[in-house]
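Take a look at the structure set out below.
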Number of protein chains: 2
Amino acid sequence: MDYTEQIISFHNFIADECIPGVSLDCAIFGFHDTRLKVLLLRWKDTSEWCLPGGFIYKTESVDRAAERVLYERTGLDKLFLQQFHLFGDAVRYDREEMWRRQKMPMSFSERWPERTLSVGYYALVDHTQVTPTPDFMTDECRWWDISDLPSLLYDHRQIVTVALQTLRSQLNWQPIGLNLMAEKFTIPELQRLYEAVLDKPLDARNFHKKIMGLHILTRLDERRTGKAHKSPFLYRFDRENYQKALGNGNLSFV
Amino acid sequence: MDYTEQIISFHNFIADECIPGVSLDCAIFGFHDTRLKVLLLRWKDTSEWCLPGGFIYKTESVDRAAERVLYERTGLDKLFLQQFHLFGDAVRYDREEMWRRQKMPMSFSERWPERTLSVGYYALVDHTQVTPTPDFMTDECRWWDISDLPSLLYDHRQIVTVALQTLRSQLNWQPIGLNLMAEKFTIPELQRLYEAVLDKPLDARNFHKKIMGLHILTRLDERRTGKAHKSPFLYRFDRENYQKALGNGNLSFV
DNA sequence: ACAAAAGTGTTACAACTACACCCATGG
DNA sequence: CCATGGGTGTAGTTGTAACACTTTTGT
């Protein structure tokens, strides 16, 4: 099956099985080399990047569709995943241009709505667990530093911006940052994450107090070694205590 | 034109002119008699209530559609209006039951998607400016106390709940409560509003300090008279200062 | 004159900010 | 032994919460 056959069959599948006119885009955030990253796909034979996205089956919930899309792209499930906005501008992109880029026969456009809304989700993932993999429509899938994004298709730049705003505002009120860390991590590593998300330096002593004050980290009898300085302790996110604290109202989910 | 003709023609119009499978519901909040209220419609010949809602024209933005729906229902425009969630459960309501209630011929259902998503907006309005008016599908339109809601159709109870949560969480971070007041109001009246939204009593002295500390209220040379006690001063929301404060970062829009 | 709500200031406590030195490790 | 980053406490400030009495007004 060549590319054209493949993409026509794909679009036929969507037109048959999915809710028309509504797509779903995920800003998948990871953290690596002291920088906050987002996962992007490069469209086949172009230098244009976009967010991983998909469509909603007629019989599944929108949240379920988001989990599915994320799973298809990263192989991960049960991640922190949150709907943050429905993007519904009257013109979100140039339909004909999109059609050309996808090398779709124009005749096919009868089966395709003139306009799509897109519901934005953001996900926080431990990048060590992810193997970014392109699909048949894309040549490349990789992490991009959020302060150095390439040219993005459609309104995906705006979607990333709004996702980031949401992430920033939530970081202050709930310890969602922990979803971005590997299983074991050090306090300074976590601080680097907060600094990357908030885009400002934080005071190590105050950060330590604040994070420890949440009582949701367990210090392990293990240290991160191999660096030319004092080895920091490793910690683990204590999900049990976290749930307990949520129940007590000690942690606020705004 | 009788009811059946009318509703068929209405649904034909929607099927022709609107985005299929996506509706829009507004939780319109007002404040009256020291209670927070929401505007509801009663379905023709039933005792079931629902939120005012509508559909999105194929060529208009979703935000614009929300403004339009709000205008059609309240006659008001340029209100505080904010999207808060896309409701996308796989089954949000019983389609056949809805069909029966609307007295639609079942045959018509070919033109109607099996399932609709709904994007929720909430609005804050000065109830003195609103004349609630039912449309041809509804017998009655009136304010309901949020702590004493009637039986609601579809998942509208959930939509109101999420709207309220959003409103509560935003009230703490931005002075949106002012959108619910008439042009001139007293500090104690505003306090009653905050108490109604947050559902807890507040201390008058602390409230006064906090609200005045925002520097966005102007005290008028006028008092509210006619009650058997000391007449309170009237204040006006100073939108100019408000914009200035927003620019300075003194007020935070999360 | 009485009932009802308005108006107002101080103190205690909690949360956040700023700030500097010694220690452990690998090279 | 040196460069690098980890680990830690205190004091000042800011914001929030608790608290009671006097004034005004209409009846």
Side-chain angles (χ1 to χ4, degrees), chain A residues 33-35 168-169 171-175 181 184-196 198 200-236 245 248-252 254, chain B residues 33-35 168-169 171-175 177 181 184-196 198-236 245 248-252 254:
Chain A
D33 290 340
T34 78
R35 317 281 338 201
R168 285 200 176 116
S169 71
L171 191 68
N172 286 314
W173 309 112
Q174 45 180 282
M181 303 305 286
K184 299 172 184 182
F185 53 89
T186 69
I187 303 294
E189 282 162 9
L190 186 61
Q191 186 182 332
R192 297 294 104 69
L193 164 64
Y194 272 69
E195 289 172 336
L198 300 175
K200 66 175 182 195
L202 299 174
D203 179 89
R205 279 166 294 192
N206 294 336
F207 183 78
H208 191 272
K209 260 180 297 181
K210 185 163 180 171
I211 291 295
M212 285 303 144
L214 300 175
H215 304 295
I216 53 176
L217 295 188
T218 315
R219 190 165 92 173
L220 308 176
D221 285 332
E222 232 181 312
R223 291 153 178 270
R224 172 92 66 214
T225 55
K227 291 273 175 62
H229 49 72
K230 192 172 183 174
S231 334
F233 280 102
L234 285 169
Y235 290 78
R236 192 202 308 275
N248 297 341
N250 292 342
L251 292 173
S252 60
V254 172
Chain B
D33 289 340
T34 78
R35 317 280 337 198
R168 284 199 177 116
S169 71
L171 190 69
N172 286 313
W173 309 113
Q174 44 179 279
M181 304 305 287
K184 299 173 183 182
F185 53 90
T186 70
I187 303 293
E189 282 162 9
L190 186 61
Q191 185 182 335
R192 298 291 104 68
L193 165 64
Y194 273 68
E195 289 173 335
L198 301 174
D199 196 25
K200 66 177 183 192
L202 300 174
D203 178 90
R205 279 166 293 191
N206 295 335
F207 184 78
H208 192 272
K209 260 180 292 180
K210 185 163 179 171
I211 290 294
M212 285 304 146
L214 300 174
H215 305 295
I216 53 176
L217 295 188
T218 315
R219 189 166 94 173
L220 308 176
D221 286 332
E222 230 180 312
R223 289 153 178 271
R224 172 95 65 216
T225 55
K227 291 271 177 61
H229 47 72
K230 191 170 180 177
S231 339
F233 280 102
L234 286 168
Y235 290 77
R236 192 201 308 275
N248 296 342
N250 293 343
L251 293 174
S252 60
V254 175

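Note on naming: letters A, B, ... go to the chains in the order of the sequence lines (proteins, then strands), and numbering restarts at 1 for each one.
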> Is there a side-chain contact between I211(A) and Q191(A), using heavy atoms and a 4.5 Å cut-off?
Replying inline: no
> OG1 of T218(B) to CG of L234(B): how many Å apart, nearest 0.5 Å?
Replying inline: 12.0 Å
> For residues 225-236 of chain B, which residue pairs qualify under side chain to side chain donor-acceptor pair (under 3.5 Å), counting only residues two or more places apart or in two chains?
Replying inline: E183(B)-R236(B)
> When you measure from the side chain of D33(B) to the backbone N and O of R35(B), does any donor-acceptor pair fall under 3.5 Å?
Replying inline: no
> Does E189(B) or R223(A) map to a spot on DNA chain C nearer the 5' end, using the closest nucleotide for each?
Replying inline: E189(B)
>> Expected output is a numbered-order residue list: members of residues 227-234 of chain A with a heavy atom under 4.0 Å from any atom of DNA chain D. What is it?
In response: A228(A), H229(A), K230(A), P232(A), F233(A)
> Looking only at heavy atoms, which two atoms of F233(A) and L220(A) are closest? And how far apart?
Replying inline: CD2-O, 3.7 Å
> Which whole-number value in Å describes the distance from F207(B) CZ to dA5(C) P?
Replying inline: 17 Å
> What string of B, S and - do you get for nucleotides 10-20 of chain C, 5' to 3', when a contact is any protein heavy atom under 4.0 Å?
Replying inline: B------BBBB
> Is it true that R192(B) and E189(B) have a side-chain N and a carboxylate O under 4.0 angstrom from each other?
Replying inline: no
> Can you find a heavy atom in the side chain of T34(A) that is under 4.5 Å from one in the side chain of E195(A)?
Replying inline: no
>> Restricting to side-chain hydrogen bond (donor to acceptor under 3.5 Å, both in side chains), what partner residues turn up for E222(A), sequence neighbours left out?
In response: K184(A)
> On DNA chain D, which is the earliest and which the latest nucleotide, 5' to 3', with an atom closer than 4.0 Å to a heavy atom of chain A?
Replying inline: dA3(D) to dT10(D)
> Under 4.5 Å between any side-chain heavy atoms of K200(B) and L202(B), yes or no?
Replying inline: yes
> Which comes earlier along DNA chain D counting from the 5' end, the contact point of T186(A) or that of T225(B), where each point is its nearest nucleotide?
Replying inline: T186(A)
> For R168(A), which residues count as a salt bridge (charged side-chain N to carboxylate O under 4.0 Å, His left out) partner, sequence neighbours excluded?
Replying inline: none
